[in-house]
Amino acid sequence: MVETLKEFTALSRPRLLLRAARLGLRDYHRATHLPRLLGQALPAQNSLVLRRLMEKETALNAQRRLGAIGYRVADHLDLLIAMMDEARRIGLIEETAPDPNRAPAPAPDQENASGIDSFLRAT
């Protein structure tokens, strides 16, 4: 488990790929998607599921880096989404990780302090 944690936190993937995977988490359903990714014989422990997903993703990432003809971004995203979900179940990542690209919340309305009315009220 400790090795899996170290390897998971050390992963370095393109920012766009990770953003797309984060967005895909909304539509991910473990019961439907995981058997398709790993086959019918699923490990009982989430940490073992994560380990198998990471092994497959490492192979796909190598294909991506080499520019292999058989590489498909959709397959890579599917694995990253499943990995994020398993990591969330184990507690390796937060339940709702903040999106760094999301615009900050607007500031509350403030009274406009310019103009004669504001000046007269302040004096």
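Keep in mind that what you see is a predicted model, and the values were worked out from it rather than measured.
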Let me confirm one number: the [atom1]-[atom2] distance from [X] to [Y], rounded to the nearest 0.5 Å.
| X | Y | atom1 | atom2 | result |
| --- | --- | --- | --- | --- |
| L77 | L16 | CG | CG | 8.5 Å |
| L80 | E57 | CG | CD | 4.5 Å |
| L17 | R22 | CG | CZ | 10.5 Å |
| D78 | L34 | CG | CG | 11.0 Å |

key: Short side-chain donor-acceptor distance under 3.5 Å, N46 and R30   =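 R30 vs N46: donor-acceptor pair found between side chains.
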
query = Would you find a donor on one side and an acceptor on the other, under 3.5 Å apart, between the side chain of K56 and the backbone of L38?
reply =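 No, the answer is negative, given that no donor and acceptor are paired below the 3.5 Å cut-off.
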
pair [X]-[Y]: side-chain heavy atoms closer than 4.5 Å:
| X | Y | result |
| --- | --- | --- |
| R88 | L25 | yes |
| L37 | D75 | no |
| R64 | P14 | yes |
| H33 | D85 | no |

query = D27 and H29: which non-hydrogen atoms are nearest, and at how many Å?
reply =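 Minimum heavy-atom separation between D27 and H29: O-CD2, 3.3 Å.
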
inquiry  = Is there a side-chain contact (heavy atoms from CB on, under 4.5 Å) between L18 and M84? Walk through the geometry before answering.
reply    = CA-CA 10 Å; L18 293 177; M84 286 180 176; 4.0 Å; yes

task = Is it possible for you to say whether L48 and M83 belong to one hydrophobic cluster, with membership spreading through side-chain heavy-atom contacts below 4.5 Å?
result =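 Result: no, two separate clusters.
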
task = May I ask you to decide if the ring planes of H76 and Y71 are parallel, tilted or perpendicular, using 30° and 60° as cut-offs?
result =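 Perpendicular: the ring planes of H76 and Y71 meet at over 60°.
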
request  = Please check if atom CZ in R36 has more than 12 non-hydrogen atoms from other residues, nucleotides or ligands closer than 6.0 Å.
outcome  =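 Counting other residues, nucleotides and ligands, CZ of R36 exceeds 12 neighbours.
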
